[in-house]
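The structure appears below as structure tokens.
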Amino acid sequence: FEVVLYQAGYLTIDKMIIDEDLEEITYKLKLPNMEVKKSLNDSIISALTKNNNPNQHKLPVIKALKRANLEDLKVAIVSIFASIANDNYRKNDIYHYEGFYGSVLYTYFQALGCDVIGEDVTNHGRIDLTIKINNLIYIVEFKMGDDDAMAQIKEKNYADKYLSLKQDIYLVGINFDEKKKNVSRFEWEKV
């Protein structure tokens, strides 16, 4: 798969790693620029949602993020998951795992050009997703079922990592329901 992306120009060589003991050369690849990154993410979004117009969902998400309108963000995220074709869930159990939902949102936020950090490391654990946009920071925790996502953010003091930046920080806990294949609870608060 990586070879096809490289040959198509979606990936370029970032660095060449030579292991003289094994007499082996390994190449580290990267996306060459923002345009390619957005194009690739749009392709993934279109394939996932079976929608040739990924902007249909991107605009409400970017507006909500830039304006710190978390109620609109919730509506936009629910709409994103509602647009994923039911056929994508057949013959697999992907909807049982929070990683699926997190990956979908990670891809959307990346496609929007946000500064996104998945599995953002802190001294108390890992933030599922950190989003930085327009001097705003969103600390997002995902959970399946009834586990309390917001409680984890607070218990582990995830916001502490960003307090010195003197930017607005929003804590966002999102729960998913495997039967609905969508958001079951969306909580947020400003630090």
Side-chain angles (χ1 to χ4, degrees), residues 5 10-12 14 29-49 51-84 97-122 125-143 149-150 152-154 156-176 182-183 185-191:
L5 290 175
Y10 280 100
L11 295 173
T12 59
D14 185 33
L29 302 174
K30 70 175 185 173
L31 295 168
N33 55 47
M34 180 58 79
E35 291 81 13
V36 169
K37 185 178 187 179
K38 288 184 86 149
S39 174
L40 181 61
N41 284 329
D42 282 350
S43 296
I44 293 168
I45 290 167
S46 294
L48 184 64
T49 62
N51 181 343
N52 292 329
N53 182 13
N55 291 334
Q56 171 186 352
H57 295 292
K58 286 170 46 177
L59 187 58
V61 173
I62 195 72
K63 280 183 175 181
L65 286 171
K66 286 183 173 183
R67 295 176 182 156
N69 186 330
L70 282 290
E71 291 306 315
D72 282 356
L73 181 62
K74 174 186 176 183
V75 170
I77 290 173
V78 167
S79 182
I80 289 167
F81 287 105
S83 73
I84 296 175
Y97 302 101
E98 89 180 35
F100 161 70
Y101 300 95
S103 295
V104 169
L105 292 179
Y106 178 89
T107 302
Y108 261 93
F109 297 136
Q110 279 285 341
L112 295 172
C114 298
D115 181 5
V116 181
I117 306 166
E119 296 294 321
D120 190 4
V121 179
T122 75
R126 295 175 190 258
I127 303 166
D128 283 341
L129 197 64
T130 300
I131 306 163
K132 299 177 185 178
I133 187 169
N134 284 10
N135 292 316
L136 301 170
I137 299 171
Y138 297 93
I139 294 173
V140 185
E141 184 65 30
F142 304 117
K143 292 291 179 197
M150 183 63 79
Q152 180 173 327
I153 296 170
K154 291 177 180 180
K156 298 202 176 213
N157 298 310
Y158 287 157
D160 289 358
K161 178 175 181 174
Y162 295 103
L163 291 176
S164 66
L165 297 178
K166 306 274 191 239
Q167 296 176 341
D168 288 340
I169 300 173
Y170 292 87
L171 311 179
V172 182
I174 304 175
N175 286 70
F176 295 98
N182 211 319
V183 174
R185 185 165 71 197
F186 187 100
E187 299 176 287
W188 67 273
E189 66 182 60
K190 185 176 178 183
V191 174

I153 and G173 have their tightest heavy-atom pair at CD1-N, 4.2 Å
Between the CG atom in N135 and the NZ atom in K166, the distance rounded to the nearest 0.5 Å is 14.0 Å
>> Are I139 and Y170 packed together at the side-chain level, in the sense that at least one heavy-atom pair is separated by less than 4.5 angstrom?
In response: no
Residues I80 and L105: closest non-hydrogen pair is CD1-CD2, 4.4 Å
Next on the checklist: Using side-chain heavy atoms (C-beta onward) and a distance below 4.5 Å, is D115 in contact with I133?
Outcome noted: no
Find out whether W188 and E71 are in side-chain contact, i.e. whether some heavy atom of one side chain is under 4.5 Å from a heavy atom of the other. yes
- Query: Is there a side chain to side chain contact (heavy atoms under 4.5 Å, CB included) between Y162 and I127 once you walk through the steps?
  - Reply: CA-CA 12 Å; Y162 295 103; I127 303 166; 4.3 Å; yes
Exercise. Please confirm whether the backbone N or O of L65 pairs with a side-chain atom of Y138, one donor and one acceptor, at under 3.5 Å?
Key: yes
**Asked** So, T107 side chain and S103 main chain: donor-acceptor pair closer than 3.5 Å or not?
**Response** yes
_Note, K190 side chain near I169 side chain (heavy atom, < 4.5 Å)_ = no
Report task. May I ask you to test the Y101-I174 pair for a side-chain heavy-atom distance under 4.5 Å? Result -> no
ask   = Do L73 and N69 have side chains that get closer than 4.5 Å, going by heavy atoms?
value = no
With a 4.0 Å cut-off, would you call D120 and R126 a salt bridge?
-> no
To the nearest 0.5 Å, atom CD of E187 lies from atom CG of L171 at 11.0 Å
Rounded to the nearest 0.5 angstrom, the CD-CG distance for E98 and D128 is 5.0 Å
Heavy atoms of P60 and A76 approach each other most closely as CB-CB, 4.1 Å
K143 side-chain N/O to Q152 backbone N/O, donor-acceptor pair under 3.5 Å = no
Rounded to the nearest 0.5 angstrom, the CZ-CG distance for F109 and L129 is 6.5 Å
On a heavy-atom basis, the closest approach of I137 and L165 is CD1-CD1, 3.8 Å
CZ (F100) and CZ (F142) are apart, to the nearest 0.5 Å, by 12.0 Å
>> Taking the basic N atoms (NZ, or NE/NH1/NH2) and the acidic carboxylate oxygens, is any pair closer than 4.0 Å for K154 and E141?
In response: no
Heavy-atom closest pair (V78 atom, V183 atom, distance to 0.1 Å) is CG2-CB, 3.9 Å
Q.
Between N157 and D160 (side chain of the first, backbone of the second, donor and acceptor by atom type, cut-off under 3.5 Å), is there such a pair?
A. no
One should read off an interatomic distance between L112 CG and K66 NZ, to the nearest 0.5 angstrom, of 8.5 Å
For A82 and N182, the nearest pair of non-hydrogen atoms, with its separation, is N-ND2, 3.5 Å
